[in-house]
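Whatever order the structure lists them in is the order used to number ligands and atoms, beginning at 1.
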Amino acid sequence: MIKKCLFPAAGYGTRFLPATKAIPKEMLPIVNKPLIQYGVEEAIEAGMDTMAIITGRGKRAIEDHFDISYELEHQIKGTSKEHLLRDIRSLVENYTFTYTRQKQMLGLGHAVLVGETLIGNEPFGVVLADDLCEGEGKGVLAQMVELYKKFRTSIVAVMEVEGEDISKYGVIKGKKIEEGIYMVEDMVEKPSPQEAPSNLAVIGRYILTPDIFDILRATKPGKGGEIQLTDALKVQAKQNMVIAYRFKGKRFDCGSVQGFVEATNYFYEKYFKQ
Ligand code: G1P
């Protein structure tokens, strides 16, 4: 039902310099897999087949990753290492990867609007690859697609955040309609703890209906002088309806060093340690 997933991936990743000087932050690995591949696998699990990636200057490694590497495959064919490329090869063969460049970094809302050309007039998923999620039972996007079938509106994934950390996120004010499901009444991008309308913070998983593009076109720069997706969602919540969903599972903020190290330890312990 939702076939396309947008990956805004043009940001500079300044928090990880110098590692991100020549490597896109989305290509930083958690153990042996780049962050963006975890996101792509989550989108596929949710039934999506087209990955629409917003890149920028210096991001060509992402395109090379989701492509065939004849030389490398020829080199390891018939060796004990062949299986290491199997999963990524099957992603490349079975799914579509489309790209467009965001030429100026004018904010997440702007990045999503740049993606209109890849998405068209249909509902779509959005994954911010530096938020690495492991859903409980099924992936976070798959949980949201289930909910979309019922509500047919934009959906944001939220989690409870206590204290000062709330000011790192978009924060919702919502009316609880079912356990873990809220109708969004207001949203504030990166409020101070005093201004925060609740402790429910938006994480980097969204399902958006395509009317968001017209709203984004009319959205003026907000917090930090950037065109904020939060501001457009707030308008959408008033015009139509937006649902906030307290997802089931874990989320690691791999845009921060601490979250990155926590994710590395968690995935190593769970999937790699013999
Ligand atoms: C973006 C959004 C913010 C959201 C966050 C989730 O902020 O603007 O609303 O809570 O992603 O990770 P960023 O972290 O890109 O500054």
Side-chain angles (χ1 to χ4, degrees), residues 5-16 20 24-26 28 30 35-36 38-39 42 54-56 59 102 104-115 125-134 140-141 144 154-174 182 184 186-193 195-208 212 215-216 219-237 242-247 249-260 262-263:
C5 190
L6 193 71
F7 295 80
Y12 296 123
T14 45
R15 279 190 286 180
F16 271 91
T20 47
K25 67 171 173 171
E26 296 76 14
L28 294 178
I30 297 297
L35 275 169
I36 192 162
Y38 286 92
E42 186 183 326
I54 310 297
T55 65
K59 297 280 186 161
Q102 186 185 10
Q104 286 176 289
M105 304 309 135
L106 301 178
L108 178 59
H110 177 255
V112 171
L113 184 55
V114 166
V126 177
V127 167
L128 306 185
D130 51 14
D131 275 348
L132 177 53
C133 292
E134 191 185 55
V140 175
L141 265 188
M144 294 168 78
S154 288
I155 304 172
V156 298
V158 293
M159 66 176 195
E160 284 171 10
V161 168
E162 303 304 331
E164 300 282 313
D165 276 354
I166 198 76
S167 58
K168 294 181 185 160
Y169 300 91
V171 182
I172 68 138
K173 173 170 179 251
Y182 305 81
V184 174
D186 198 6
M187 284 179 92
V188 190
E189 179 68 9
K190 303 199 173 79
S192 67
E195 290 162 343
S198 75
N199 65 351
L200 292 173
V202 177
I203 63 138
R205 295 292 182 279
Y206 308 80
I207 289 189
L208 300 176
I212 198 76
I215 301 173
L216 280 168
T219 301
K220 300 266 179 306
K223 191 94 186 181
E226 297 189 336
I227 297 173
Q228 297 291 353
L229 181 58
T230 298
D231 293 340
L233 281 163
K234 178 171 150 171
V235 172
Q236 205 180 36
V242 172
I243 294 289
Y245 168 59
R246 213 177 61 220
F247 68 96
K250 282 183 183 301
R251 171 261 185 188
F252 299 93
D253 173 15
C254 294
S256 76
V257 173
Q258 188 186 335
F260 188 87
E262 280 167 12

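- One finds a salt bridge joining Lys168 and Asp165 here, because a Lys/Arg side-chain nitrogen approaches an Asp/Glu carboxylate oxygen to under 4.0 Å.
- In this structure, Tyr169 has no ring-ring contact (aromatic ring centres under 6.0 Å, His included) partners at least two apart in sequence or on a different chain.
- With respect to the salt-bridge test (charged N to carboxylate O, under 4.0 angstrom), the residues Lys59 and Glu26 qualify.
- The side chain to side chain donor-acceptor pair (under 3.5 Å) test applied to Asp253 returns no partner, not counting sequence neighbours.
- Around ligand 1, the residues contributing at least one heavy atom under 4.0 Å from the ligand are Leu108, Leu128, Asp131, Tyr169, Gly170, Glu189, Lys190, Val202, Ile203, Gly204, Tyr206, Gln228, Thr230, Arg251.
- Shown here are the ring-ring contact (aromatic ring centres under 6.0 Å, His included) partners of Phe260, two or more places apart in sequence or in another chain: Phe16.
- Salt-bridge annotation for Arg205 and Asp131: absent, with no side-chain N of the basic residue lying under 4.0 Å from a carboxylate O of the acidic one.
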